[in-house]
Amino acid sequence: VRRLIEGISDIERGAAPSSEPSGPREFRQIGAALQRMSVKLRSSLRERELMLAGLSHDIRSPLARLQAAIELHAADHPGDFQPMMTDIRDIDHIVHQCIDFVRDGQDEPLENLELDALVRTALQRHENLQLDLDCDGLQVGARRLGLLRLIRNRADNALTHGLAPVRVATRRDGEQL
C-alpha cells in the first residue's frame, strides 16, 4: 500500500511512479494501472502544450501584420484606430501568456535576483500603477521568467478587476516578504 501511495504522489508531481508494482495480484494490477495512467497523463499534457505553443506562435504573425497596417493608417487619422491598437495589444498579451504557460519555468534555473529591480522590470510597461518598493538590494532565489510572469499577471488582474489606484509594494517584515 505504501508503494501505491508513493506512486500516486509521484504522479501528482508529474513524474512516473518510481517503483514497480509488487505484492498481491490486486496491488500489482493497481500499480500497473497507475503507471499506464501516468504515461497517458504526461502524453496528454505534452500534446496540449505543443498545440497551445503552435497556436500561439501562429497567431503572432497575422497579429503583427494587422498592427503594422493599422499603424500606417493611424498616421493619417490619429485617434481613429486607438481602440483597435488596444485590442491588438490585449490579444498580443494573451498570446504571450499562452506561450509563457507552455514554458512553465520548470527547466529554468534558480537565480539570485534583486527583488525591487525585478518588480520594476516586470512593471515597466504598466501604466496607472503606484510603486512603493522598500526592499532595495534584497536578493531572492527564484526563477526569473516565472517570477516576472507572476508579477505581471497580478498587476494585470489588479488593473482589470481592482479599484484604482493600484499600488504595488515590497516590504520585509522579519523573514517575511
Taking every non-hydrogen atom, the tightest pair across L133 and V119 = CD2-CG1, 3.8 Å

Separation between CG of L159 and CG of L129, rounded to the nearest 0.5 Å | 4.5 Å

Answer yes or no: is there a side-chain heavy-atom contact under 4.5 Å between T170 and L177?
-> no

If you look at every heavy atom in L118 and L113, which pair is closest and at what distance?
-> CD2-CD1, 4.1 Å

So which heavy atom on A122 is nearest to which on I151, and how close?
-> CB-CG2, 3.7 Å

Please, which pairs that meet salt bridge (charged side-chain N to carboxylate O under 4.0 Å, His left out) have at least one residue in residues 165-177, sequence neighbours excluded?
-> D132-R167, D132-R171

Working to the nearest 0.5 Å, report the span between CE of M85 and CD1 of I88.
-> 5.5 Å

Would you name the heavy atoms of F27 and V1 that are closest together and state the gap between them?
-> CZ-CG2, 3.4 Å

Is it the case that one hydrophobic cluster holds both L150 and L148, taking links as side-chain heavy atoms less than 4.5 Å apart, direct or via other members?
-> yes

Any idea which heavy atoms bring D92 and R60 closest together, and the distance?
-> OD1-NE, 4.4 Å

Scanning both residues in full, the closest heavy-atom pair of D116 with C135 reads OD2-N, 2.7 Å

Examine L145 and L115 and state if one hydrophobic cluster contains both, with Ile, Leu, Val, Met, Phe, Trp and Tyr joined whenever side-chain heavy atoms are less than 4.5 Å apart.
-> yes

Any donor-acceptor N or O pair under 3.5 Å, side chains R42, S38 | yes

Please say whether more than 12 non-hydrogen atoms of neighbouring residues, nucleotides or ligands are located less than 6.0 Å from NE2 in H73.
-> no

First locate atom CD1 of I94, then atom CD1 of I59, and finally report the distance between them rounded to the nearest 0.5 Å.
-> 9.5 Å

Pairwise side-chain contact, V168 with Q130, heavy-atom cut-off 4.5 Å (strictly under) = no

CZ-NE2 distance between R152 and H93, expressed to the nearest 0.5 angstrom = 9.0 Å

Between atom CD of Q82 and atom CG of D87, what is the distance when rounded to the nearest 0.5 Å?
-> 10.0 Å

Rounding to 0.5 Å, atoms CZ (R48) and OG (S43) come to a distance of 12.5 Å

Answer yes if L110 and V140 sit in the same cluster of Ile, Leu, Val, Met, Phe, Trp and Tyr residues linked by side chain heavy atoms under 4.5 Å apart, and no otherwise.
-> no

Taking a hydrophobic cluster as the set of Ile, Leu, Val, Met, Phe, Trp and Tyr residues connected by side-chain heavy atoms closer than 4.5 Å, whether directly or through intermediates, do L72 and F81 fall within one such cluster?
-> no

Donor-acceptor pair, R28 side chain versus G23 backbone, under 3.5 Å?
-> yes

For the pair T160 (side chain) and D156 (backbone), establish whether a donor and an acceptor sit closer than 3.5 Å, ignoring hydrogens and angles.
-> yes

In one Ile/Leu/Val/Met/Phe/Trp/Tyr side-chain cluster, 4.5 Å: L45, L50 | no

Under 4.5 Å between any side-chain heavy atoms of V166 and H126, yes or no?
-> no

Do N128 and P165 come within less than 4.5 Å of each other through their side chains, counting heavy atoms only?
-> no

